[in-house]
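Keep in mind that the numbers below use all heavy atoms, side chains included, and drop hydrogens, waters and symmetry copies. Not measured: the values here are computed from a predicted model.
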Amino acid sequence: MACSCLSDDTWFALSQMRTTTLQVEDPQIIGPNSAGMPEYRLEKVFPVYAVGVSEPDPNLIVSVANTASTLGDPIWDAVKLEAKLEAEKEPILSSFLYASILTHDCLERALSFVLSNRLQNPTLLATQLMDIFSDVIMHNRCIQCSIRLDLQACKDRDPSCLSYCSALLYLKGYHALQTHRVAHTLWNQGRKVLALALQSRVSEVFGVDIHPAAQIGDGILLDHATGVVIGETAVIGNRVSLMQGVTLGGTGKEIGDRHPKIGQGALIGASAIILGNIKIGEGAMVGAGSLVMKDVPPHSMVTGIPAKVIGYVDNQDPSLTMKHDASKEFFKQVAISCKEARSNVASKDDGST
């Protein structure tokens, strides 16, 4: 099977496809930090979900691909260095870290190894799964870009994520999402039985149920991920963060387009239930435990059963800040507004009588 990892130029070109604000400067490595780890200017190489998404510029892609750039893969470099340091700190894990990361020549192959070993069972062997994952990922440049954006999302947004290496090895939300990307590709290729088999194993092993036909963007964080359910016709935009227990479901036995559409930059709180072919606007925040059955305006905050708009967030995507609660000042203003509204209603009632 002839396949290769992303070349330096191609990998950089893919990162360019998501932004027009990127200005590349050398060096990519700033220097070591206090822990001895090199600090990468990832915002210069991989700023996708942080600075916004735009349509790819074909001329820019061609010009970058034709240059003699010496850019490497900073995330993969960081993963390898972290694995080496962890092997030194915990020798008992050295064989595991070597087999999972250090023996591989790129992130794609390492991820394929990790996923295949997490999902194997007595009748679906790790070697078979490794072939499936490698064949899809190594030939799909969009997935190659997505796995890095999702890894960066874990590192940036999850305060418990210690490193890129730990996200790659241990975070089941990341694993479930990357398996879905492979299953989605297989589904679109007509290999639906195999795609459903992967969905079933992910549900068994990780407790995450994502239909292979669901469309999911880049820079996604499934935080904790346990109990997440995403239906067949659901669409999730770029830079979205979903907490545990989130359901993007239908409302009955209807067929066709029947699942929610989540705008980019949205933050969906724990155990939120969003039902039907409705739209959650860009940069919106859905509070934990909410039941949403109507469209949610962009950059609004909704909560409750049924969910209602309680205010609006600023222009910064809540999925990036991961702030699930409004400020004390905000709720003070809400309380004052409600009190004034009740007073106005009471005054009108007194006047009419």
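- Linking ILVMFWY side-chain heavy atoms closer than 4.5 Å, directly or via other members, places Ile274 and Met293 in two distinct hydrophobic clusters.
- Atoms CG and CD, from Asp317 and Gln264 in turn, are 6.5 Å apart once rounded to the nearest 0.5 Å.
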Quiz item: Which is it for Asp223 and Met322 under the side-chain contact (heavy atoms from CB on, under 4.5 Å) test, yes or no, and what are the steps along the way?
Solution: CA-CA 10 Å; Asp223 198 0; Met322 295 296 287; 3.9 Å; yes

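- Atom-to-atom distance recorded for Phe96:CZ and Leu102:CG is 11.0 Å, nearest 0.5 angstrom.
- Using a distance-only test at 3.5 Å, with no hydrogens or angles considered, a donor-acceptor pair links the side chain of Ser300 to the main chain of Pro297.
- In this structure, CD in Gln152 is found 13.0 Å from CD1 in Ile147, a value given to the nearest 0.5 Å.
- The backbone N or O of Cys165 sits less than 3.5 Å from a side-chain atom of Glu82, completing a donor-acceptor pair.
- By the criterion of side-chain heavy atoms lying less than 4.5 angstrom apart, applied directly or through intervening Ile, Leu, Val, Met, Phe, Trp or Tyr residues, Ile236 is not grouped with Ile273; the two fall into different hydrophobic clusters.
- Within the 3.5 Å criterion, the main-chain N or O of Gly219 finds a donor-acceptor partner in the side chain of Asp150.
- Remark: side-chain polar atoms of Arg201 are paired, donor with acceptor, to backbone N or O of Leu119 under 3.5 angstrom.
- By the salt bridge (Lys or Arg N to Asp or Glu O under 4.0 Å) test, Arg191 pairs with no residue at all, sequence neighbours left out.
- Scanning both residues, Gln144 and Met138, for their nearest heavy atoms gives NE2-O, 3.2 Å.
- By the criterion of side-chain heavy atoms lying less than 4.5 angstrom apart, applied directly or through intervening Ile, Leu, Val, Met, Phe, Trp or Tyr residues, Ile310 is grouped together with Val313 in one hydrophobic cluster.
- Listed by chain and number, the residues in a salt bridge (Lys or Arg N to Asp or Glu O under 4.0 Å) with Asp257 are Lys261 (sequence neighbours excluded).
- A side-chain donor-acceptor contact under 3.5 Å links Ser116 to the backbone of Ser112.
- For the pair Ser94 (side chain) and Pro91 (backbone), a donor-acceptor distance under 3.5 Å is present.
- One hydrophobic cluster holds both Ile268 and Tyr312 under the rule that ILVMFWY side chains link at heavy-atom gaps under 4.5 Å.
- No donor-acceptor pair under 3.5 Å is formed between the side chain of Thr226 and the backbone N or O of Gly207.
- Annotation: the span from Thr247 atom OG1 to Leu291 atom CG amounts to 10.0 Å, rounded to 0.5 Å.
- Checked by atom type and distance alone, the side chain of His259 pairs as donor or acceptor with a backbone atom of Thr233 at under 3.5 Å.
- Under the 4.5 Å side-chain heavy-atom criterion for ILVMFWY residues, no single connected hydrophobic cluster contains both Ile278 and Val235.
- Side-chain atoms of Ser160 and Asp158 include a donor-acceptor pair closer than 3.5 Å.
- One distance of note links CG of Leu171 with CG of Leu177; it measures 11.5 Å at 0.5 Å rounding.
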Quiz prompt | Audit row: Arg239, Asp218, salt bridge (charged side-chain N to carboxylate O under 4.0 Å, His left out) steps and yes/no | solution = CA-CA 6 Å; Arg239 309 189 306 278; Asp218 297 324; over 6 Å; no

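- Annotation: Lys279, atom NZ; neighbour count of heavy atoms from other residues, nucleotides and ligands within 6.0 Å does not exceed 12.
- Using a distance-only test at 3.5 Å, with no hydrogens or angles considered, a donor-acceptor pair links the side chain of Arg258 to the main chain of Gly256.
- Between the side chain of Ser319 and the backbone N or O of Ser241 there is no donor-acceptor pair closer than 3.5 Å.
- How far CG of Leu97 is from NZ of Lys89: 11.5 Å, rounded to the nearest 0.5 Å.
- Note on ring orientation: taking the six-membered ring where Trp is involved, the planes of His175 and Phe206 are tilted (angle from 30° to 60°).
- Side-chain polar atoms of Asp209 and Gln199 form a donor-acceptor pair below 3.5 angstrom.
- The two residues Cys161 and Ala167 come nearest to each other via the heavy atoms SG-CB, 3.7 Å.
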Practice problem: Mind running salt bridge (charged side-chain N to carboxylate O under 4.0 Å, His left out) on Glu108 and Arg141 for me, showing each step along the way? | Solution: CA-CA 10 Å; Glu108 289 78 6; Arg141 293 182 178 181; over 6 Å; no

